[in-house]
Amino acid sequence: MILKLPEEKKSGSLVANVLKDLKIDARELSTHRARLVSEGTRQYFQLDPHTGNVILQDRIDREALCGQKDPCILHSEIVLENPLQVHRIEVEIEDVNDNSPQFSKKEFIFEIPEHMPTNTRFPVESPEDADRGENTVQNYMLSPNEHFRLDVQSHNEGTKFAELVLEKQLDREEETRFFLILSAVDGGIPKRTGTAKIIIEVLDSNDNIPVFDKNIYKIKLMENSPLGSSVTKVEAADRDFGSNAEITYSFSQVPDNVQRVFKLNKHTGELTVAENIDYEINQNYALNIKAMDGGGLSAYCKVMVEIEDRNDNPPDMTITSLISPLPEDSPPDTLVALFRITDRDSGDNGRTACTTEANLPFMLKASENNYYQLVTQQPLDRERVSEYNITISATDWGLPRLTSTRIINVLISDVNDNAPVFEKSLYDMQLHENNIPGLHIGLVQAKDLDTAQNAKVTYSLLPGKVIDQPVSSYVSINSETGNLYAIRSLDYEQVKNFQVTVRAVDSGFPPLSSQVMVQVVIMDENDNAPFILYPLQNGSSPSNDLVPRGAEAGYLVTKVVAVDRDSGQNSWLSYELLKATEPGLFSVGAQNGEVKTMRPMNKRDTFKQKLIIGVKDNGHPPQSTSATLSILLVDGFSDPYMKMVDIPKEEVVEEEDRTLTMYLVICLAVISFIFLVSMLVFISIRIHKRRKFVESSALNFPVGPNFPENCGDADAGSLSRSYNYEVCLADGSLNSEFRFLRPLFPVFSVEPAQSQGLQRISAGSQDLSSHAAESHPKSQVRI
C-alpha cells in the first residue's frame, strides 16, 4: 500500500483507511490482533483497531526527516496474526513550501578583469532551499543593469542554477565597481524569495584563466575510510605569470554538511576525508571545486564521489509480540514470539540468517519479509523446567560476518497435571490403649509438584469400618495438615489394630487425588489384673481339695489357674504363697501355680488347711490378685462312708459314715450329666450364634478371631489349658488316688466382673471336692 501525506500535518490527522486494502472488515481487524509497526525507532503512525484508520501521531517535518532525499518515504507494516499476514505500507511525505531560498552569504564579490570578453559566464552560487520539487528554486532575477544579464539553466537532476553573462565589456576607468541584487524565487504557493547582493570588482587585465585537466572527477570511496585519507587531487594550470598564475582551490556551491565531510587543500587541490563517512546516510557526493589564479580568474570542475558499502552494521532484531508466561500444556507449533531481522547494509552485507539454541523445545520458522516465528516443537513440563532463556542469533552474509544476539525470557505457567504423592506407600502408627480422646496419632503428608492452587492438598478419610463401626468414629484427620487424631479412648483387648485409608486431593481443575493406607497398631497397657479361673473365687463356700495323709513330699495337690487379658510381658504371671495354716507344709510353683506338698503328712497337722496364693503379672506397674484354697487332710478315699462333723482345729477327724459314699456317687452322676449337656449346648451356641452368645451370655466369655480357643495368650506364662482329675474310689478303702491327667477342653479367659456363670458351672466340682464318696466302678470327673 502506498500512501501520501503532506508534511506539517497536525497530530491526530487521518492518513488513510486500510480496511479496503486489507480486504477485511473492522471486526476482523481486532480478531487478527492487527498492529502497525514502523521500521524506525520512532512511531509516526498509529492504527485504530476498531475503524482501520491510520492516524498521524506526531507532526512530520520532511526536511528534518529526509533532508534532500527525494522521495521521502516512511516504511511501515501492518501485521495480522492467526494466520500471520504482513502488509507493507509506504507513506510518501509530500513537500510543502515552508522554506525560503537562502544564500550562504548576503554578499558575493566577483573580481572581473576589465578586458574580459563579452558573453563570458560567471557561475552564481545557488541558494539552498530545504524544500523539494516545485517548491525549490525555479527562477532567478537580477536587478537591471547595462553590463550583465542572468542566464538560468537546469542541471541534469533538474535543479536550476544561474550564471552572470557579460553583455558589455567593462571599463575600469569608467566604473570600478557594480552593485547588483540577485533574487531566487521558488515554485511554491505562495512563492518565496531569497536575495543576495553581488558586488562586481573590475580588475586589471589578466587574459588567461586556470584550466583543469578534467572537467569531472569520478571517485569511489569505501565507507568508514580513516580520517585524513586522500580522496583525490584536482589540478588546474594557468598560462599567466607571477601572481596571475598562482592558483588557489576552494569549494563552490557545496552545502555546509558536505564541506564538513571533506577537506580541500587550497594550495595543492588535494581532497581528503574530514569526517566519518556512512554509506547508510549518503551513498554519493557531488562537489564543485573552484580554481582561481592570482589575477582573479577562475575555473570550475566537479568531483563525483561514490561511496561503497562496508559490512559495518550488525543485524537488528525487533520483537513484535511475545507470549510469556506460556501454559505448559501448549500443543506443538504454538506461537511464542514474533520478531523481524533487519540489516542497514546492502547486498550480501544486508542478507541475514537466524538461528537459536539446540536441545530446546522451541524452533524458528522463517516467514515473509524477514519475519520469524518462535514456536514450540515438543511438550513442555513446568515441573522439570519452569523458565527458558532462549538465545536467538542473527548473522549477516558480509565479510567479516557480523552477529547480534537477543535473549528472550519465556516463563512456563502451571497446569494441574500432577497428583499428590505420599511420602510413604504405607504408614505404620502406634497408639497406646486408654488414650485421651483427641490425642495426636501421627502425620501423613503428600507433596504435589504443581504450584499455587494446583499444589494445595486437602486430606480426608475414606469410608471404612472398625468392628462394624465407621472408621470416622475412631479417628479424624486435619484436612490441611494431615495430622491424625484419636476420637475415642481405645482398648487393646477389644481392638488390637485397624486400618484407615487417607485420601489427598489437590485444588486444581480438574482435581487430582491419591490414597494411602495407614495401619494403626494399639499398644497394650497393663490395665488388667490377673483373673483366677481355678479355684473359683465367688464368695461362696470355697472348694475343698482332698489330700491323703499318706502323701509323700512333692505330691501334686492342685493347680491354681489364672489368666491375664493383657498381652506380652503384661500377661506373664507368677505365683507365690502369701499365707498358709502350716507354712512349711505346702509350696506353690512360681511359674505354673502347682500346689505341692513339701514334706510327708503327720498326725499333728491340722485337718483343714487354708492357703492364700498371690498371682502377679509382669507389667509396670504390676497388677495382682489372690486365691484362697481350702485343703482337707484325709486318711484315704476308699472308706465307704466319711462322716462330716464340725471338729475343732486341734482335734482329729473321726471316721465318716459309709452312706456318704453313696451320696457322692449320685452327685457325681448328676453333675456329669449336667456338665455334658451344658457343654453340648455351649458348643452349639458358639458355632451357630457366636456373636449373639457374646452379647447375651451371663458368662460373657470373649470369643473372637483374635482370642485363641485354648485360653488367652501363648506368651501369658499361666496355665493355658484345663486339666481333668481322675478320682478312683474303692469299697472299704480309706485311701484314694488323685491323679493329674491330660487336658480335656479349652478354658476361656473370663473377666473378674463376669465370672458368675463360670462359677455356677464349677459348682459341681466344688461339691465333689467337699463330699468324697465310695464308688465301685472307676469314675472320672473333668474340671
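Numbering starts at 1 and runs along the sequence shown. Please read these numbers as outputs of a predicted model, since none were measured by experiment.
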*Would you mind telling me which of Leu182, Leu150, Ile112 makes a side-chain contact (heavy atoms from CB on, under 4.5 Å) with Leu164?*
Leu150

*asked:* If I take atom CG from residue Asn284 and atom CG from residue Leu221, how far apart are they, to the nearest 0.5 angstrom?
replied: 12.0 Å

*In Å and rounded to the nearest 0.5 Å, what is the OG1 to NZ distance from Thr232 to Lys214?*
7.0 Å

*Any donor and acceptor pair, going by atom type alone, linking the side chain of Asn265 with main-chain N or O of His267 inside 3.5 Å?*
yes

_Sub-4.5 Å side-chain heavy-atom contact between Asp151 and Arg121_ = yes

*Given side chain to side chain contact (heavy atoms under 4.5 Å, CB included), test Val410 with Ile390 step by step and report yes or no.*
CA-CA 8 Å; Val410 178; Ile390 306 169; 3.9 Å; yes

_Check: Leu411 main-chain N/O paired with Ser324 side-chain donor or acceptor under 3.5 Å_ = yes

*Between Tyr285 and Glu306, do the side chains contain an N or O donor and an N or O acceptor separated by less than 3.5 Å?*
no

*Drop me the distance from Ser346's OG to Arg351's CZ, to the nearest 0.5 angstrom.*
12.5 Å

*Please tell me if the side chains of Phe108 and Ile199 come closer than 4.5 Å, counting only heavy atoms from C-beta onward.*
no

_Tell me whether the rings of Tyr249 and Phe212 are parallel (<30°), tilted (30 to 60°) or perpendicular (>60°)._
tilted

_N/O donor-acceptor pair under 3.5 Å between Asp48 side chain and His50 backbone_ = yes

*Closest approach of Val165 and Asn119, non-hydrogen atoms and distance?*
CG1-CA, 3.8 Å

_Polar side chain donor-acceptor pair, Ser230 to Glu270, under 3.5 angstrom_ = yes

*Return the minimal non-hydrogen interatomic distance between Leu84 and Ser367, and the atom names on each side.*
CD2-OG, 3.4 Å

*Hey, is the main chain of Gln43 close enough, under 3.5 Å, to the side chain of Gln57 for a donor-acceptor pair?*
yes

*So, do Phe122 and Glu163 sit near enough that their side-chain heavy atoms are less than 4.5 Å apart?*
no

*Thr356 side chain near Thr391 side chain, heavy-atom distance below 4.5 Å*: no

*asked:* Main chain of Ala236, side chain of Asp238: is a donor-acceptor contact present, judged purely on distance under 3.5 Å?
replied: no

_Closest approach of Phe103 to Glu125 (non-hydrogen atoms, all atoms of both residues)_ = CE2-O, 3.4 Å

_Test item: Asn311 side-chain N/O and Pro400 main-chain N/O as donor-acceptor pair under 3.5 Å_ = yes

*Supply the atom-to-atom distance Thr395 OG1 to Ile341 CD1, rounded to the nearest 0.5 angstrom.*
9.5 Å

_Donor-acceptor contact below 3.5 Å, side chain Gln259 vs main chain Val254_ = yes

*Might you work through the side-chain hydrogen bond (donor to acceptor under 3.5 Å, both in side chains) test for Glu128 and Ser104, ending with a clear yes or no?*
CA-CA 8 Å; Glu128 291 185 7; Ser104 62; over 6 Å; no

*Check: Met292 and Glu246 side chains under 4.5 Å, non-hydrogen atoms*: no

*Would the number of heavy atoms belonging to other residues, nucleotides or ligands and lying under 6.0 Å from CG of Asn215 be above 12?*
no

_Looking at Lys191 and Asp186, is any side-chain nitrogen of the basic one under 4.0 Å from a carboxylate oxygen of the acidic one?_
no

*Can you tell me if Thr376 uses its side chain to pair, donor with acceptor, with the backbone of Gln378 under 3.5 Å?*
no

*Is the shortest distance from a Lys or Arg side-chain nitrogen in Arg177 or Glu201 to a carboxylate oxygen in the other one below 4.0 Å?*
yes

_Looking at Gln102, I want to see if its CD is surrounded by more than 12 non-hydrogen atoms of other residues, nucleotides or ligands under 6.0 Å._
no

_Donor on one side chain, acceptor on other, Asp343 and Asn349, under 3.5 Å_ = no

*Test applied, side-chain contact (heavy atoms from CB on, under 4.5 Å); reference residue, Ile307; option that passes from Lys220, Met222, Glu223*: Glu223

*Does a salt bridge link Glu280 with Arg344, judged by any charged N lying under 4.0 Å from a carboxylate O?*
no

*Kindly give the heavy-atom pair with the smallest separation between Val385 and Ile412, and that separation in Å.*
O-CG1, 4.0 Å

*Using atom types as modelled and distance alone, determine if a side-chain donor or acceptor of Asn17 lies under 3.5 Å from a backbone N or O of Thr51.*
yes

*What heavy-atom pair brings Pro210 and Ile247 nearest, and what distance separates the two atoms?*
CB-CD1, 4.0 Å

*asked:* If you define the side chain from C-beta out and look only at heavy atoms, does anything of Leu338 sit under 4.5 Å from Ile319?
replied: no

*Is the backbone N or O of Ala394 less than 3.5 Å from a side-chain atom of Thr352, with the two atoms forming a donor-acceptor pair by type?*
no

*Any ion pair linking Glu167 and Arg149 (charged N to carboxylate O, less than 4.0 Å)?*
yes

*Carefully, step by step, assess Ile200 and Leu180 under the rule side chain to side chain contact (heavy atoms under 4.5 Å, CB included).*
CA-CA 8 Å; Ile200 306 296; Leu180 305 176; 4.3 Å; yes

_I'd like to know whether Val124 forms a side chain to side chain contact (heavy atoms under 4.5 Å, CB included) with Tyr140, so could you lay out the CA-CA distance, the side-chain angles of the two residues, the decisive distance to 0.1 Å, and finally the verdict._
CA-CA 10 Å; Val124 178; Tyr140 293 87; 5.9 Å; no

*State, to 0.1 Å, how close Leu380 and Pro327 come at their nearest heavy-atom pair, and which atoms those are.*
CD1-O, 4.0 Å

_For Lys160, is the NZ atom crowded, meaning more than 12 foreign heavy atoms sit under 6.0 Å from it?_
yes

_4.5 Å side-chain heavy-atom contact, Leu264 and Phe251_ = yes

*Taking only Lys NZ, Arg NE, NH1 and NH2, and the carboxylate oxygens of Asp or Glu, determine whether Asp316 and Arg340 approach each other closer than 4.0 Å.*
no

_Do Ile78 and Ser76 make a side-chain contact, defined as non-hydrogen atoms from C-beta onward lying under 4.5 Å apart?_
no

*With side chain to side chain contact (heavy atoms under 4.5 Å, CB included) as the test, would you mind laying out the steps for Phe339 and Ile392 before giving the verdict?*
CA-CA 10 Å; Phe339 58 92; Ile392 298 177; 3.6 Å; yes

*Which distance, rounded to the nearest 0.5 Å, do you find between the CZ of Phe362 and the CD of Glu357?*
10.5 Å

*Measure the CD-CG distance between Glu275 and Asn257 for me, rounded to the nearest 0.5 Å.*
9.0 Å

